[in-house]
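Following: one structure in structure tokens, then a few remarks.
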Amino acid sequence: MRTSWADSEEAEAAAVPSTIINNGVVPNSGAAAAAAVSGNSRPARSAYVPPHLRNRPPSSTPPPPAVSAPPAANTRWGGGGGGGGRSGGSFGGAASNTRTGGWDRGREREVNPFGDDVDVEPPFVQQENSGINFDAYEDIPVDTSGDNVPPAVNSFSEIDLGDALNLNIRRCKYVKPTPVQRHAIPISIAGRDLMACAQTGSGKTAAFCFPIISGIMKGQYAQRPRGSRTAYPLALILSPTRELSCQIHDEAKKFSYQTGVRVVVAYGGAPINQQLRDLERGVDILVATPGRLVDLLERARISLQMVQYLALDEADRMLDMGFEPQIRRIVEQMDMPPRGVRQTMLFSATFPKEIQRLASDFLANYIFLAVGRVGSSTDLIVQRVEFVQESDKRSHLMDLLHAQRENGTHGKQALTLVFVETKKGADALEHWLCINGFPATSIHGDRSQQEREHALRLFKSGATPILVATDVAARGLDIPHVAHVVNFDLPNDIDDYVHRIGRTGRAGKTGLATAFFNENNSSLARGLAELMQESNQEVPAWLSRYAARSSYGGGGRNRRSGGGRFGGRDFRRDTSFNRSGGGGDYYGGGRSNSGYGASGSSYGGGGYGAGVTSAWD
DNA sequence: GACCCAG
């Protein structure tokens with residue numbers, strides 16, 4: 001499960017000598033590659049299974065003859081997916097015939113992430129679905145809008161994802177798809193663009209990984225340029241933090257085991273040389289943070305011209321002020337195929353309408369999908385708000401921690417995650433907790449990547465059961481056993497609050513979220529009070545008064561919270577967002593036919609309602 | 001203010 005660069009160093013050492021096949025093709029010109037892209041821009045994701053994938057045992061085929069050649073970029077690794085594509089090329093029939101799935105396990109040492117084979121490797125710490133209460137999902141509210149929405153499926157077997165992927169799904173102990181998977185996977189398999197409000201705890205990562213992996217396995221892709229040091233991924237998955245990219249990479253690798261689909265992660269703070277070597281050995285799916293990706297693009301070590309699939313995790317964050325220019329540059333100003341040619345999938349739990357509108361620049365005739373959650377699960381997280389002056393916060397936190405210690409809700413199985421506003425504040429609080437007898441560590445952007453990963457490991461293992469964090473840890477991270485999230489400093493944005501408290505109460509477990517509120521947070525009062533009310537939480541009278549005060553002053557409005565909060569609703573259906581005359585563009589030529597209106601009322605006026613309070617992410 | 005290349 002580890003993807004830190006320190007660990008991949010090991011994998012690298014084990015993986016040489018390279019078995020990558022070099023067919024000797026002269027580095028391709030951009031034009032040729034572009035032609036290849038446009039000629040195969042939407043690979044058919046039909047039920048067709050290439051012969052070499054039919055009835056294929058997991059790892060029975062012997063390795064091909066070793067080919068001595070310098071590592072070539074983008075050679076399909078392990079074969080499984082028809083990477084050879086056109087066997088008419090100089091690749092040669094022999095080579096492609098030998099590239100059946102898993103042939104090179106002994107040579108490339110593809111680590112078995114499941115620990116059920118010869119390779120002994122610790123099993124994944126999280127088999128998230130196994131802890132999910134599926135009964136609670138049965139009547140979950142789901143909304144879709146857009147043209148010709150493909151119907152949802154009820155089982156993985158209804159979709160032909162391919163044998164190797166299906167085997168991995170079974171190994172993950174995923175018995176049946178979660179609601180977001182039931183809806184998002186058919187949409188993606190159909191080749192449609194997607195904006196999905198979904199939840200990590202219910203398998204969001206799988207929801208975009210399965211179609212990508214399956215599509216690459218089945219796709220008949222033109223030979224990617226070789227011989228140069230430029231890598232040509234077929235899929236790009238972007239996320240806002242390094243740790244989240246690592247987590248997605250771990251998941252994607254698990255799903256890709258013995259499929260022949262190669263997953264590489266690239267993020268900042270780690271030595272770039274290792275990542276360059278990984279890329280040289282071939283990449284189908286690239287998981288990256290924006291900064292390092294831009295760096296690699298500028299070095300011409302990556303080209304996006306073969307990208308067929310683009311997925312943005314935490315998409316609203318990626319398109320928020322801080323990231324949007326970089327994302328726009330990557331998606332629009334590099335060599336990535338344009339929208340409508342590539343397939344684009346955006347995932348997040350919170351999707352403010354302003355961000356939805358921005359996002360529509362990257363999408364073509366997309367489907368909007370919102371997965372709510374049953375009201376009963378709301379109670380999994382108890383939200384408390386306490387009025388605490390700045391000067392009293394530390395002693396108040398100490399009281400909470402002492403109480404937890406007495407309750408026994410402290411330690412390996414009851415982790416406490418404390419969010420603060422600033423990096424300095426994180427350091428200070430960590431130090432203060434330590435000298436007061438509470439072992440704590442911290443994660444924030446001023447720590448080295450090694451320190452960040454180390455802190456996360458200490459916390460996850462329970463060795464240090466308190467983690468002080470900035471918003472770097474607010475989104476997406478799946479940390480089991482977080483029993484308590486403390487908003488020592490509340491965020492300025494209610495969406496950030498939603499993501500923060502979503503670190504607890506995951507996978508059917510209960511959670512507690514405590515917030516320290518004072519005058520400095522008055523701009524959040526209204527959103528907080530509304531959210532708590534929707535979540536059937538007790539709203540303190542004083543908070544309601546704050547909320548009432550800020551409601552007419554316009555005080556708490558910011559760009560992300562104005563006009564409909566949690567994005568549980570397609571902005572294209574909001575007429576106020578279509579007034580500029582460009583509304584038709586958002587639809588790409590058609591109106592919703594999903595009957596949204598009929599079920600929309602159950603959403604309680606456009607929010608996630610109860611859904612925002614828990615594992616939904 | 002936080003997060004996102006490199007050094």
Side-chain angles (χ1 to χ4, degrees), chain A residues 5 231 236-249 264-276 278-279 286-302 304 312-331 333-334 348 350 352 355 358 390 417-430 442-453 455-456 467-477 487-500 503 520-521 523-524 556 558-561:
Chain A
W5 49 266
L236 177 63
I237 300 171
L238 293 173
S239 92
T241 66
R242 299 162 181 177
E243 288 76 15
L244 185 52
S245 279
C246 277
Q247 182 179 298
I248 295 166
H249 171 253
V264 172
V265 66
Y267 57 92
I272 202 167
N273 286 339
Q274 171 62 40
Q275 293 170 8
L276 290 172
D278 288 344
L279 290 167
L286 177 64
V287 185
T289 50
R292 179 56 65 92
L293 176 60
V294 167
D295 191 10
L296 292 164
L297 288 165
E298 284 173 349
R299 295 171 188 233
R301 298 303 293 262
I302 290 176
L304 301 178
L312 301 190
D313 200 6
E314 308 295 344
D316 60 330
R317 179 76 185 84
M318 303 298 281
L319 297 172
D320 200 353
M321 289 185 303
F323 277 115
E324 190 249 359
Q326 256 177 322
I327 300 303
R328 206 171 272 284
R329 188 170 167 208
I330 291 166
V331 176
Q333 291 163 27
M334 298 292 179
S348 186
T350 53
I355 304 288
L358 263 178
E390 290 295 330
L417 179 54
V418 183
F419 282 104
V420 296
E421 181 70 16
T422 66
K423 295 176 277 195
K424 284 186 189 305
D427 282 336
L429 186 57
E430 173 197 5
S442 69
I443 184 168
H444 60 72
D446 274 354
R447 302 202 78 188
S448 73
Q449 191 55 28
Q450 280 167 302
E451 289 171 330
R452 285 164 59 157
E453 291 178 15
L456 206 50
L467 178 67
V468 184
T470 62
D471 270 331
V472 71
R475 284 176 176 261
L477 294 187
N487 275 290
F488 189 89
D489 301 318
L490 273 163
N492 296 317
D493 189 314
I494 191 65
D495 288 350
D496 291 332
Y497 173 84
V498 168
H499 286 275
R500 285 180 177 187
R503 298 313 99 205
N520 299 333
N521 310 115
S523 67
L524 194 70
N558 62 37
R559 151 177 127 81
R560 301 185 61 203
S561 65

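Each chain gets a letter, A, B and so on, in the order the sequences are listed, and its residues count up from 1.
Within the 4.0 Å cut-off from OP1 or OP2 of dC3(B), at least one side-chain nitrogen or oxygen of K423(A) is found. Taking 4.0 angstrom as the limit, R242(A) places a side-chain polar atom (N or O) nearer than this to OP1 or OP2 of dC5(B). Applying the 4.0 Å criterion to OP1 and OP2 of dC4(B), one finds that T241(A) has every side-chain N and O outside that range. Phosphate contact (OP1/OP2 of dC4(B), side-chain N/O of R452(A), threshold under 4.0 Å): present.
Considering only heavy atoms from C-beta on, R329(A) stays 4.5 Å or farther from P290(A) through its side chain. A 4.5 Å side-chain heavy-atom check between R500(A) and L417(A) finds every atom pair outside the cut-off.
Rounded to whole Å, atom C1' of dC5(B) lies 8 Å from atom CD1 of I272(A). Across the protein-nucleic acid pair, Q275(A) atom CD and dC5(B) atom P stand 9 Å apart, rounded to whole Å. dG1(B) atom C1' lies 10 Å from atom CE of M321(A), rounded to whole Å. The nearest whole Å value for the distance from the CD atom in Q449(A) to the P atom in dC4(B) is 8 Å. What separates CD1 of I330(A) from C1' of dC4(B) is a distance of 9 Å, to the nearest Å. Rounding to whole angstrom units, CD of residue E298(A) and C1' of dC4(B) are separated by 13 Å. Rounded to an integer number of Å, the gap from CD of E314(A) to C1' of dC4(B) is 14 Å. To the nearest angstrom, P of dG1(B) lies 16 Å from CG of D496(A).
Counting only heavy atoms from C-beta on, T289(A) has its side chain closest to dC5(B) among dC3(B), dC5(B), dG1(B).
V472(A) comes within contact range of the sugar-phosphate backbone alone, with a heavy-atom separation under 4.0 Å but no base atom that close.
Nearest heavy-atom pair, M318(A) versus F323(A), reported as atom, atom and distance to 0.1 Å: O-CB, 3.0 Å.
Screening D313(A), D316(A), V498(A) against R475(A) for a side chain to side chain contact (heavy atoms under 4.5 Å, CB included) leaves a single residue, D316(A).
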Test H499(A) against D471(A) for side-chain hydrogen bond (donor to acceptor under 3.5 Å, both in side chains), laying out the working first. CA-CA 9 Å; H499(A) 286 275; D471(A) 270 331; over 6 Å; no
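R475(A) contributes no side-chain N or O that forms a donor-acceptor pair with the base of dC3(B) under 3.5 Å.
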